Each structure stands twice: as C-alpha cells, then as structure tokens.
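Beneath this line is the structure, given in structure tokens, with notes to follow.
Computed from a prediction, not measured in an experiment: that's the story for all the values here. Reminder, nothing fancy here: chain letters follow the sequence lines and each chain counts from 1.
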Number of protein chains: 2
Amino acid sequence: MAAVGIKTGMKIGVLAGRSGLPVKTLRYYEDLGLLPAIGRSEGGYRLFAEESLRRLEFIRRLKTLGLSLEEIQGCLTVHDAGDLPCTDIQIQLERQIGRIDAQIEELGQLRQELQGLLAGWQSDPAKERDVICPNLRV
Amino acid sequence: MAAVGIKTGMKIGVLAGRSGLPVKTLRYYEDLGLLPAIGRSEGGYRLFAEESLRRLEFIRRLKTLGLSLEEIQGCLTVHDAGDLPCTDIQIQLERQIGRIDAQIEELGQLRQELQGLLAGWQSDPAKERDVICPNLRV
DNA sequence: GTATGGTCTCCACAGGGGTGGAGAGTCACT
DNA sequence: AGTGACTCTCCACCCCTGTGGAGACCATAC
C-alpha cells in the first residue's frame, strides 16, 4: 500500500546539469517525443527518470554519427517497444554511409572542377565583351 | 534629341523565360541587389536590360561552383565598379576548395568511424543492462 | 514577507535560398 | 467594356536543430 502512484524524478535543470545539455534542448527533445518525461510534479514541472540520461547518451552518440533526430526517434521507438534497435540502427548507419559516399563523390567532382579552373587561371586577362569574368567565360 | 530618357527593357516574365529561372527567384535576386533592374515601367513593372541575362549566367555558374549568393554579390560589386572580378573570384574559388577539403576530411573520418562500427556489428546481440544498443554500448 | 532562482508556456528568430498565395493593379486584345 | 495574362507588394512557410526572451507561476531560504 506504500508509495503507490508516487512519481519521483529529476527536474529538468538537474537532468540538464547531469547530461550537459541546455534546458531548452531537453524541452525541445521532449516536445519531439524523443525524451518522454515520466510525468509532472504538482507544480507542473517535468519529471525525468534516471533512464533519461542513458537515452540522452544514445541520442548524442547517434547525432555525432550524423543521424537526424527523426531517424534517432525511429530507433528509440523500436527500443520503447521492448525490442533491440540494433538492426534498425545498422540500417540507418548503412544509409548514412551511403549518404556520405554520395556527398564525398559530389564534393570530389566539384573539387576537380574548381582545380581545373584555377589551374589555367589568368590573373590579369584582357577584358572581354559580353562576359563578366574572362577566366570563367561567363 | 531622340530617345532621351526612354527606358526600354524586358519585363520580368520575359527575363524568366529567357533565363529559365522562376519569376519569384528573379525578384528575390533583385531584392538582394544581385540583379539590378534598369528601372520601372509607367505601370510599375520592373524592367531589365539584356545584360541581365549575362549576369544570371554568371550567377548560375558561380552557384554551381558552390559559392553563396553573398559571395557572388561581392564579385558582382567589383564588376559593377568597372573592374575585372577575376582576382576576387579566384580568391573565392580557392576558399571554396578549402571548405571542400575540410568537408571531405570530416566526412572521411565519419565514414571511417561508421565503417568501424559496422565491421564488428552483431545482428542479434544479447540485451545488456543500462544500454539501449549493445553494439554501440550506449 | 520577500528575494532569488527554477520552471512553465508561447512566440519569434537564426541560416540560405528560395516558394506559395492573397489581393490589387496593369496591359493588351477583342 | 470586359477578359485573361501578367505583374505588383506583402506576408507566410519550407528545411532542421535549436536558442532567446517575455510574462507568469512555483519553491526554497532567510
């Protein structure tokens, strides 16, 4: 009969201090559904479980790996359903490698083009009619 | 004595058709000062010179090379002052190569990290206490 | 009782390059 | 005179991940 319905938990400032994230960011994450609070205090303050710290670590890690909050939320949803999110995370990370490869490819081509242009660059060309930059011929 | 003060020019729709850019974009460029109109018609319509087409080509080219509109505007300001913008463009393009190199470097490191994680990925690991994804150990 | 600090909600802004729509005015053709 | 196409201005919204502030409430210490 004791302690029934009693919600204990950190207030947002404590979680901010322990996680190193700004209070604003935690509210933002909560709004997005990334970081559910276990409830509210009588005064209306958000209360977070200890587990939130783990969750924030997870979020931070996946963020540094370049996943969007939406993608991270997808993984967390799997976790919250009681399943291991490993497979989903693997898929996301593979997708992320794909995006990175595409970006690197694109950047490499652009770099090539820029290098080519600068290789033949004339620092003081004659002015040309109908062209703003004779080097670019445009 | 003939044709004094008469402003001739394309209306924005014509320029849009000939340049291939949407009317909205041309207005946006004009607002930014990238694409000055030679004036307004009696009815208040923007009028553009033939030269605007060249200017838009120039803008488009530098955009494909990855310069921001602000950087492009810097080059155009030099041009409008009557100077050749080649040197400024060269500087911008070199800076752009620098940015690209930094990005590629960063992406490469991230890719490395992702590859490393996925290399040892276990598709069906045992659940671990205090960890959302055992593979990431977070 | 009151000062201080934590927290609440709601709204706005940042960056960069536009895009969409409303409502009104203009132009050309019939 | 009317119709339709074109243009004007002004405001809002898109992407994404937050951040800043105003005004009000809550909690704790003195």
Quick one: [X] [atom1] to [N] [atom2], roughly how many Å, whole number?
| X | N | atom1 | atom2 | result |
| --- | --- | --- | --- | --- |
| A/Q73 | D/dT17 | CD | C1' | 14 Å |
| B/L26 | C/dG17 | CG | C1' | 14 Å |
| B/Y28 | D/dC14 | OH | C1' | 13 Å |
| A/I12 | D/dA27 | CD1 | C1' | 17 Å |
| A/D31 | D/dC16 | CG | P | 17 Å |
| B/L62 | C/dG17 | CG | P | 13 Å |
| A/E30 | D/dG18 | CD | P | 15 Å |
| A/E42 | D/dT28 | CD | P | 11 Å |

>> Closest-nucleotide mapping onto DNA chain D: is A/E70 or B/G43 further toward the 5' terminus? I mean the 5' end.
In response: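 The residue closer to the strand's 5' end, by nearest nucleotide, is B/G43.
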
>> I want to confirm an ordering. Mapping A/K11 and A/Y29 to their closest nucleotides on DNA chain D, which one lands closer to the 5' end?
In response: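 Nearer the 5' end of the strand: A/Y29.
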
> Going by distance alone, is a donor N or O of one side chain under 3.5 Å from an acceptor N or O of the other, for A/Q96 and A/Q92?
Replying inline: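 No, because no side-chain N or O of A/Q96 sits under 3.5 Å from a partner of the opposite role on A/Q92.
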
Please list each protein N or O that sits under 3.5 Å from an N or O in nucleotides 9-13 of chain C, with the distance.
| residue | atom | partner | partner atom | Å |
| --- | --- | --- | --- | --- |
| C/dT9 | OP1 | A/R40 | NH1 | 3.1 |
| C/dT9 | OP1 | A/R40 | NH2 | 3.1 |
| C/dT9 | OP2 | A/R46 | NH1 | 3.1 |
| C/dT9 | OP2 | A/R46 | NH2 | 2.7 |

> If you look at every strand shown and take non-hydrogen atoms under 4.0 Å, does B/L32 touch a base, only sugar-phosphate, or nothing?
Replying inline: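 Here B/L32 touches no strand at all.
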
>> Classify B/S68 by what it touches in the nucleic acid, base, sugar-phosphate, or nothing, heavy-atom distance under 4.0 Å.
In response: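 Contact class for B/S68: sugar-phosphate only.
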
Just so I know, are the side chains of [X] and [Y] near enough to count as touching, which here means a heavy-atom distance under 4.5 Å?
| X | Y | answer |
| --- | --- | --- |
| A/R46 | A/R40 | yes |
| B/D83 | B/D88 | no |
| B/F58 | B/I89 | yes |

Side chain of [X] - closest among [options]:
| X | options | value |
| --- | --- | --- |
| A/P22 | D/dT17, D/dT19, C/dT19 | D/dT19 |
| A/K63 | C/dT7, C/dT19, D/dT17 | D/dT17 |
| A/L69 | D/dG18, D/dC8, C/dT19 | D/dG18 |

> For D/dT19, does either OP1 or OP2 sit under 4.0 Å from a side-chain N or O belonging to A/T25?
Replying inline: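 Answer yes for this pair, as a side-chain N or O of A/T25 is under 4.0 Å from OP1 or OP2.
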
Are [X] and [Y] within salt-bridge range, i.e. N to O under 4.0 Å?
| X | Y | result |
| --- | --- | --- |
| A/E57 | A/R54 | no |
| B/E30 | B/R27 | no |
| A/R61 | B/E113 | yes |

> What are the two closest heavy atoms between B/L84 and A/P125, and how far apart are they?
Replying inline: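 Taking B/L84 first and A/P125 second, the nearest heavy atoms are CD1-O, 3.2 Å.
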
> What are the two closest non-hydrogen atoms of B/P134 and A/C86, and how far apart are they?
Replying inline: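 Smallest interatomic distance, heavy atoms only, reads CD-SG, 3.6 Å.
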
>> One pair to check against side chain to side chain contact (heavy atoms under 4.5 Å, CB included): A/E50 and A/R18. What are the steps and the verdict?
In response: CA-CA 10 Å; A/E50 286 292 318; A/R18 291 176 65 187; 3.0 Å; yes

Between protein and nucleic acid, restricted to nucleotides 2-4 of chain D and to nitrogen or oxygen atoms under 3.5 Å apart, what atom pairs and distances do you find?
none

> Is there a donor N/O on one and an acceptor N/O on the other, under 3.5 Å, for the side chain of B/Y45 and the base of C/dG25?
Replying inline: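 Result: at least one qualifying N/O pair found.
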
